[in-house]
Amino acid sequence: MAFDKMELRDIEVWDGNFAAAQALRQCQIDVVAAYPITPSTPIVEGYAKFLADGYIEGEFVMVESEHAAMSGCIGAAAAGGRVATATSSQGLALMSETLYQASGMRLPIVLNLVNRALASPLNVNGDHSDMYMVRDSGWIQFDAFSPQEAYDLNLIAFRVAEDHDVRLPAIVNQDGFMTSHTAQGVSPLSDDAAYGFVGEFKPMNDMLDFEHPVTHGVQTEEDWHFEHKARQHNDLMTKVSPKIEEVFAEFEKLSGRKYNQVECYDMDDADVAVFCLGTSVETAREVAREMRTKGIKAGVVGLRVIRPFPFFEVAEALKGVKAAAILDRSSPNGAAGAMFNEVSAVLYSTGAKVLLSGYIYGLGGRDLTKAHLVELFNELQRNADAGKVTTQLQQFIGVRGPKLAYL
């Protein structure tokens, strides 16, 4: 390979965007087709600069929209390339039609989704509206809580998505601005170690293999569409979780960093717990430790893999907890929060006796403070002591004006 290597320090100071861009460089992406949108733009800008500076042998395709960006990625992946892009919010909404094409065609594209609120009103800051919007699009979904994890999970995503038993696209989520633009210490792998972990790309059913012609983008009506979707769900997605566990274990051996589909913190003896995603996990962990000094056995559960949803791992994480709060960083618009519904289904189906309440928080970049979480843990303890939910079933944390509750 005729590209330059980059010498990296043991600890670099990177934000989440630059960490993701470095991972794309080390994976030697063949094609990035992209359209810039805040707060994900620096990821594809970083790839473009690395390409211009001679660190990558690839192509950067600047297109006219996010729909065109994923369309370009689909064409490049179908032609047999290692492909990636990045977007946020409104860009993902415009791109969403093509996501179903990518998953249905089994193209292992990696999309860095820097989570941001959806308009209207227009807002460029982070919440999980875009993450939730495409949760059933057939893509594997990971969630990074920090810049380190944004880097690591990109390497892991390529390794999982490109496995020939899987061959499904993957999204790596990170919180807009709070991860994407916040610099922290990141311990990268060397270029050789990172590329060795991901491995050389091995095409499968690529349309430029003229010795083995294939058809892409076929049409099926009622005769075969159902079977295709059923097999995509049952035959492919069921293979993803074991593959993720395998790749997590290999990455731990290489880096010393351990990942789980469901991350549990201080949960061995927890009476009360907060279940959340993204940067909120770190804040909740700090408050949980403080609550333990006050006699409340508090724990935190962070969801690392959003799809395929780790049903039984979630059940195991919350086993024995008396009261738990599910935090949703997306407006439910007339329902319980999406994650609240999914966790409720787990607990109902497995017979777990957990007092469950839902909290909507952080919309449009609103801070989730330690004071909010102290109050929340105290409410959970009151629920546990009373043996019932003593508050509204669903509340809004940190909203200005009168206290709001939908359920």
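- The minimum heavy-atom distance linking Ile74 with Gln101 is given by the pair CD1-CB, 3.8 Å.
- For the residue pair Gln392/Gln394, the side-chain donor-acceptor check at 3.5 Å is not satisfied.
- Once rounded to the nearest 0.5 Å, the distance linking SG of Cys264 with CG of Leu318 reads 7.5 Å.
- Defined by atom type and a distance below 3.5 Å, a donor-acceptor pair is present between the side-chain atoms of Ser280 and Tyr361.
- Of the possible polar contacts, one joining the Asn378 side chain to the Val374 backbone as a donor-acceptor pair under 3.5 Å is found.
- Between the side chains of Glu57 and Gln28, no donor N or O sits under 3.5 Å from an acceptor N or O.
- In this structure, Arg25 fails the cation-pi test against Tyr47, since its NZ or CZ atom is not both closer than 6.0 Å to the six-membered ring centre and inside 45 degrees of the ring normal.
- Considering CD of Gln26 and CG of Asp192, their distance stands at 9.5 Å, rounded to 0.5 Å.
- Shown here is Gln184, whose CD atom has more than 12 heavy atoms of other residues, nucleotides or ligands within 6.0 Å.
- Between Ala317 and Val262 the shortest heavy-atom distance is CB-CG1, 3.9 Å.
- With Arg167 contributing its side chain and Leu107 its backbone, the two residues share no donor-acceptor pair below 3.5 Å.
- With rounding to the nearest 0.5 Å, the separation of CG in Asn115 from CE in Met133 is 10.5 Å.
- Looking only at side-chain heavy atoms (C-beta outward), Met70 and Thr85 come within less than 4.5 Å of each other.
- Heavy-atom contacts from other residues, nucleotides or ligands closer than 6.0 Å to CG of Leu254 number more than 12.
- The neighbour count for Glu227 CD, taken as heavy atoms of other residues, nucleotides or ligands under 6.0 Å away, is above 12.
- Within 6.0 Å of the OH atom in Tyr348, the count of heavy atoms belonging to other residues, nucleotides or ligands does not exceed 12.
- Side-chain contact, Asp175 with Thr279: a donor N or O sits under 3.5 Å from an acceptor N or O.
- Side-chain atoms of Thr391 and Gln395 form a donor-acceptor pair, as typed in the model, at a separation below 3.5 Å.
- From Gln148, atom CD reaches atom CH2 of Trp14 across 8.5 Å, with rounding to the nearest 0.5 Å.
- Between Val186 and Gln22 the shortest side-chain heavy-atom distance does not fall below 4.5 Å.
- Atoms NZ and CG, from Lys239 and Asp163 in turn, are 9.5 Å apart once rounded to the nearest 0.5 Å.
- Judged by the 6.0 Å and 45° rule, Arg231 forms no cation-pi pair with Phe226.
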Derivation and outcome, side-chain contact (heavy atoms from CB on, under 4.5 Å), residues Leu368 and Leu327: CA-CA 11 Å; Leu368 176 69; Leu327 272 58; 4.0 Å; yes
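- Using a 3.5 Å distance cut-off with no hydrogens or angles, the side chains of Glu379 and Asn383 do not pair a donor with an acceptor.
- Between Glu316 and Lys319, at least one side-chain N (NZ, or NE/NH1/NH2) sits under 4.0 Å from a carboxylate O, which counts as a salt bridge.
- Taking 4.5 Å as the limit, every side-chain heavy atom of Gln219 sits out of range of all side-chain heavy atoms of His225.
- Side-chain atoms of Asp143 and Asn173 include no donor-acceptor pair closer than 3.5 Å.
- Remark: Glu282 does not engage Arg285 in a salt bridge, criterion side-chain N to carboxylate O under 4.0 Å.
- Without hydrogens or angle criteria, Asp223 side chain to Glu221 main chain gives a donor-acceptor distance under 3.5 Å.
- More than 12 heavy atoms of other shown residues, nucleotides or ligands fall within 6.0 angstrom of atom NZ in Lys229.
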Arg289/Glu286 under side-chain contact (heavy atoms from CB on, under 4.5 Å): CA gap, chis, key distance, verdict: CA-CA 5 Å; Arg289 288 193 290 266; Glu286 183 173 341; 4.1 Å; yes
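- Remark: Arg82 is not positioned above the aromatic ring of Phe201, lacking an NZ or CZ atom under 6.0 angstrom from the ring centre and at most 45 degrees off the axis.
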Check against side-chain contact (heavy atoms from CB on, under 4.5 Å), Phe197 and Arg159: CA-CA 8 Å; Phe197 173 76; Arg159 179 68 180 273; 3.6 Å; yes
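- Summarising the local packing, CG of Asp235 is surrounded by more than 12 heavy atoms from other residues, nucleotides or ligands at distances under 6.0 Å.
- Inter-residue side-chain proximity for Leu168 and Met237 is flagged as met; some heavy-atom pair is nearer than 4.5 Å.
- For Asn260 and Glu263, the side-chain atoms include at least one donor-acceptor pair closer than 3.5 Å.
- Between the side chains of Ser129 and Asp127, at least one donor N or O lies within less than 3.5 Å of an accepting N or O.
- In the model, Tyr259 has a side-chain atom that pairs as donor or acceptor with a side-chain atom of Asp152 under 3.5 Å.
- Other residues, nucleotides and ligands place more than 12 heavy atoms under 6.0 Å from the NE2 atom of His228.
- Around atom CG of Asp10, no more than 12 heavy atoms belonging to other residues, nucleotides or ligands sit under 6.0 Å away.
- Side-chain N or O atoms of Ser349 include none that pairs as donor or acceptor with a backbone N or O of Val346 at under 3.5 Å.
- When all heavy atoms of Ser241 and Pro308 are compared, the closest pair comes out as OG-CG, 3.5 Å.
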Criterion side-chain contact (heavy atoms from CB on, under 4.5 Å) on Leu155 and Leu189, from CA distance to verdict: CA-CA 10 Å; Leu155 304 179; Leu189 303 177; 3.9 Å; yes
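- A donor-acceptor contact shorter than 3.5 Å links the side chain of Ser255 to the backbone of Arg257.
- Residues Gln90 and Arg116 meet the side-chain proximity criterion, which asks for heavy atoms closer than 4.5 Å.
- With contacts defined as side-chain heavy-atom distances shorter than 4.5 Å, the pair Leu393/Phe340 qualifies.
- Here the shortest heavy-atom pairing between Ser187 and Tyr151 reads O-CE2, 4.3 Å.
- Rounded to the nearest 0.5 Å, atoms CG (Leu373) and SG (Cys276) are 7.5 Å apart.
- Side chain of Arg329 to backbone of Gly362: a donor-acceptor contact under 3.5 angstrom is found.
- At a threshold of 4.5 Å between non-hydrogen side-chain atoms, the residues Val134 and Ile171 count as touching.
- Side-chain atoms of Asn154 and Asn112 form a donor-acceptor pair, as typed in the model, at a separation below 3.5 Å.
- For the residue pair Asp328 and Tyr132, a side-chain donor N or O sits within less than 3.5 Å of a side-chain acceptor on the partner.
- In the model, Asn205 has no side-chain atom that pairs as donor or acceptor with a side-chain atom of His212 under 3.5 Å.
- When every heavy atom of Ser331 is checked against every heavy atom of Leu363, the shortest pair comes out as N-CD2, 3.7 Å.
- When side chains are defined from C-beta on, Glu246 counts as touching Lys243, because their heavy atoms get closer than 4.5 Å.
- Counting all heavy atoms, side chain and backbone alike, Val124 lies closest to Thr38 at CB-CG2, 4.3 Å.
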